[in-house]
Peer 1: 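First the structure, then my questions, so here it is.
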2 protein chains.
Amino acid sequence: MLTIGNLAKKTGTKVQTIRYYEQIGLMPEPGRTEGGQRRYGDAELDRLSFIRHSRQLGFSLDAIRELLDLSDHPEKSCDEADAIARRQLRQVEQRMARLKALRTELKRMIHECSGGRTADCRVLEVLRDHSECLTEHDDIGA
Amino acid sequence: MLTIGNLAKKTGTKVQTIRYYEQIGLMPEPGRTEGGQRRYGDAELDRLSFIRHSRQLGFSLDAIRELLDLSDHPEKSCDEADAIARRQLRQVEQRMARLKALRTELKRMIHECSGGRTADCRVLEVLRDHSECLTEHDDIGA
DNA sequence: GCTTGAATCTACAGTAGCTAGAGGATGTAA
DNA sequence: TTACATCCTCTAGCTACTGTAGATTCAAGC
């Protein structure tokens with residue numbers, strides 16, 4: 001039986017975050033000691049690990065909730081999980097493309113920008129320039 | 001002269017977001033009509049475009065503020081811009097690494113998960129499994 | 001010139017996903 | 001049994017927006 005602090009350590013989560021997940025219904029209400037402290041078992045450790053890894057991979061709590069629901073009801077088709085994954089993959093690839101462009105620009109800036117003044121520096125222009133914007137106006141959010 | 005609505009359209013920003021940027025000092029207070037409505041010129045369009053593109057690339061508003069400050073004071077040495085650029089480059093590369101890992105995982109998920117049922121689907125297990133967690137416990141935040 | 005309706009205004013509340021702090025209770029090891 | 005780390009609840013704060021209410025303004029059509 002794990003205390004909330006140990007569960008936190010094992011999963012790299014803050015204690016408050018675990019309580020927050022419980023509050024919003026992502027984690028179940030755990031058993032308690034006589035004195036009212038939370039105690040966790042392996043099932044909860046697995047569930048929290050899943051949540052944390054998903055978060056690290058960029059899933060929103062809503063997407064995670066969807067996946068956990070699938071996991072809780074395995075009779076459903078996998079197509080649903082697949083759709084979620086595909087959605088996330090599209091977002092990930094968009095982000096990577098943008099970051100790649102930025103990285104190129106930052107590298108050039110660092111290279112060219114040695115003892116000059118900001119006025120000669122094109123980084124700001126690059127990101128300001130509309131013509132260099134390929135994937136215009138798509139969403140930012142996770 | 002652009003209305004706030006047209007500026008919003010041109011930059012893919014919500015009207016409220018523009019007002020929010022003004023409120024926190026990222027965007028300057030624009031000129032107003034007699035009736036009190038905001039009117040924007042090209043300088044503001046450029047500035048907002050820069051902000052939006054930077055946000056799309058994952059920069060925090062604070063980082064953007066730094067870059068804009070440099071742009072607003074081109075008499076400063078480029079060393080400062082260089083330092084910021086280097087810092088950002090590090091962040092960008094970290095992000096790309098994480099996204100790359102995610103992309104691999106999502107692709108594998110989609111590949112393995114074809115027409116089966118959730119019970120057979122390893123997506124949930126993969127993310128739950130501690131042993132497959134390589135980059136354990138690193139931060140998530142932007 | 002007048003009307004109409006979309007767009008704007010301010011102000012405030014709500015969202016996601018946490019994070020921090022106060023003030024007090026509990027658990028455990030020496 | 002005492003010290004003190006950890007736990008509890010509750011509340012507030014954070015970033016970066018987003019939405020709503022109710023009033024005002026602008027521009028186009030008649």
Side-chain angles (χ1 to χ4, degrees), chain A residues 1-27 29-40 44 47-48 50-68 88 91 95 137-142, chain B residues 1-27 29-40 44 47-48 50-68 91 95 98 137-142:
Chain A
M1 280 297 170
L2 292 164
T3 64
I4 196 169
N6 286 337
L7 181 62
K9 250 174 231 157
K10 284 208 179 210
T11 56
T13 315
K14 301 245 160 131
V15 166
Q16 292 102 311
T17 304
I18 297 173
R19 292 199 277 247
Y20 169 71
Y21 288 160
E22 182 184 328
Q23 192 187 304
I24 62 169
L26 258 194
M27 288 292 288
E29 290 187 19
R32 302 263 186 159
T33 61
E34 293 255 306
Q37 298 195 355
R38 290 167 180 83
R39 288 298 181 268
Y40 296 93
E44 283 100 334
R47 195 178 178 95
L48 183 56
F50 173 75
I51 295 170
R52 286 272 97 193
H53 292 164
S54 301
R55 289 291 299 135
Q56 278 166 12
L57 293 172
F59 287 91
S60 71
L61 290 185
D62 270 356
I64 294 168
R65 204 187 295 272
E66 272 184 329
L67 287 165
L68 284 171
Q88 294 293 339
Q91 277 206 11
R95 274 174 211 210
H137 302 179
D138 51 355
D139 66 311
I140 288 171
Chain B
M1 280 298 168
L2 292 163
T3 63
I4 196 169
N6 286 336
L7 181 63
K9 252 176 228 154
K10 286 209 177 210
T11 55
T13 315
K14 302 246 158 131
V15 166
Q16 292 102 312
T17 304
I18 298 174
R19 292 200 276 247
Y20 169 71
Y21 287 161
E22 182 185 327
Q23 192 187 305
I24 61 168
L26 258 193
M27 287 292 286
E29 291 187 19
R32 302 265 186 160
T33 62
E34 293 256 306
Q37 296 194 356
R38 291 167 179 83
R39 288 297 181 270
Y40 296 94
E44 284 100 334
R47 195 179 176 94
L48 184 55
F50 173 75
I51 294 170
R52 286 272 97 191
H53 292 163
S54 302
R55 286 293 297 134
Q56 277 166 13
L57 293 171
F59 287 93
S60 72
L61 291 185
D62 270 356
I64 294 168
R65 202 188 297 270
E66 268 187 331
L67 288 165
L68 285 171
Q91 274 204 15
R95 261 168 226 213
R98 275 199 210 119
H137 303 178
D138 53 353
D139 67 311
I140 287 169

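Numbers restart at 1 for each chain; the letters A, B, ... are given by sequence-line order, proteins then strands. Only a predicted model underlies this, so the values are computations on that prediction, with no experimental measurement involved.
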Peer 1: With a 4.5 Å limit on heavy-atom distance, are the side chains of A:T11 and A:I51 in contact?
Peer 2: no
Peer 1: Round to the nearest Å and state the distance from B:R32 atom CZ to C:dC9 atom P.
Peer 2: 6 Å
Peer 1: Any chance you could measure A:L26, atom CG, to A:R47, atom CZ, to the nearest 0.5 Å?
Peer 2: 7.0 Å
Peer 1: Of all the choices, C:dC9, C:dC18, D:dC7, which nucleotide is nearest to the side chain of B:I4 once you look at every atom?
Peer 2: C:dC9
Peer 1: Going from CZ on B:R39 to CD on B:E44, what distance comes out if it is rounded to the nearest 0.5 angstrom?
Peer 2: 12.5 Å
Peer 1: Whole Å only: how far is the CD1 atom of B:I24 from the P atom of D:dT15?
Peer 2: 9 Å
Peer 1: Let me know the distance between CE of A:M1 and P of D:dT6, rounded to the nearest Å.
Peer 2: 21 Å
Peer 1: From CG of A:L2 over to P of D:dT6, roughly how many Å is that when rounded to an integer?
Peer 2: 15 Å
Peer 1: Check whether any side-chain heavy atom of A:L48 lies under 4.5 Å from a side-chain heavy atom of A:K10, and answer yes or no.
Peer 2: no
Peer 1: Return the minimal non-hydrogen interatomic distance between A:I24 and A:R65, and the atom names on each side.
Peer 2: O-NH1, 3.0 Å
Peer 1: Can you tell me which nucleotide in C:dT8, D:dC7, D:dC17 comes closest to the side chain of B:R52?
Peer 2: D:dC17
Peer 1: Do you know which two heavy atoms are closest between A:L61 and A:R55, and how far apart they sit?
Peer 2: CD2-CD, 3.5 Å
Peer 1: Heavy-atom distance under 4.5 Å between the side chains of A:F50 and A:I64, does that happen here?
Peer 2: yes
Peer 1: Roughly how many Å is it from CD1 in A:I51 to C1' in C:dA16, rounded to a whole number?
Peer 2: 15 Å
Peer 1: Nearest heavy atom decides the nucleotide; on that basis, is A:L61 or A:Q16 closer to the 5' end of DNA chain C?
Peer 2: A:L61
Peer 1: Applying side-chain contact (heavy atoms from CB on, under 4.5 Å) to A:I18 and A:R38, what does each step give before you reach the verdict?
Peer 2: CA-CA 11 Å; A:I18 297 173; A:R38 290 167 180 83; 5.9 Å; no
Peer 1: Using five base pairs at each end, measure the axis-to-axis angle across the helix from C:dG1-D:dC30 to C:dA30-D:dT1 and round it to 10 degrees.
Peer 2: 10°
Peer 1: To the side chain of A:S60, which of C:dG17, C:dC18, D:dT18 is closest?
Peer 2: C:dG17
Peer 1: Consider the side chain of A:T17, meaning its heavy atoms from C-beta on, and name the nucleotide among C:dT19, D:dT18, D:dT9 that approaches it most closely.
Peer 2: C:dT19
Peer 1: Taking only the side-chain heavy atoms of B:V15 (C-beta and beyond), determine which of C:dT8, C:dT19, D:dA16 contains the nearest atom.
Peer 2: C:dT8
Peer 1: Compare every heavy atom of A:V15 with every heavy atom of A:A8, then report the nearest pair and how far apart it is.
Peer 2: CB-CG2, 3.9 Å
Peer 1: Rounded to whole Å, how long is the line connecting atom OH of B:Y20 with atom C1' of D:dG19?
Peer 2: 15 Å
Peer 1: Check this one for me: any side-chain N or O of A:K14 less than 4.0 Å away from OP1 or OP2 of C:dA20?
Peer 2: yes
Peer 1: Reading nucleotides 23-30 of chain C 5' to 3', which nucleotides get B (base under 4.0 Å from a protein heavy atom), which S (sugar-phosphate only), which -?
Peer 2: ---SS---
Peer 1: Has B:R65 got a side-chain N or O lying under 4.0 Å from the OP1 or OP2 atom of D:dA16?
Peer 2: no
Peer 1: From CZ of A:R19 over to C1' of C:dG21, roughly how many Å is that when rounded to an integer?
Peer 2: 12 Å
Peer 1: OP1, OP2 of D:dC17 versus side-chain N and O of B:Y21: anything below 4.0 Å?
Peer 2: yes
Peer 1: Just the rounded figure in Å: distance from P of D:dC10 to CD of A:E22.
Peer 2: 12 Å
Peer 1: Under 3.5 Å, is there a donor-acceptor pair between the B:R52 and B:Y21 side chains?
Peer 2: yes
Peer 1: Between A:R38 and A:Q23, which has a closest nucleotide on DNA chain D that is more 5'?
Peer 2: A:R38
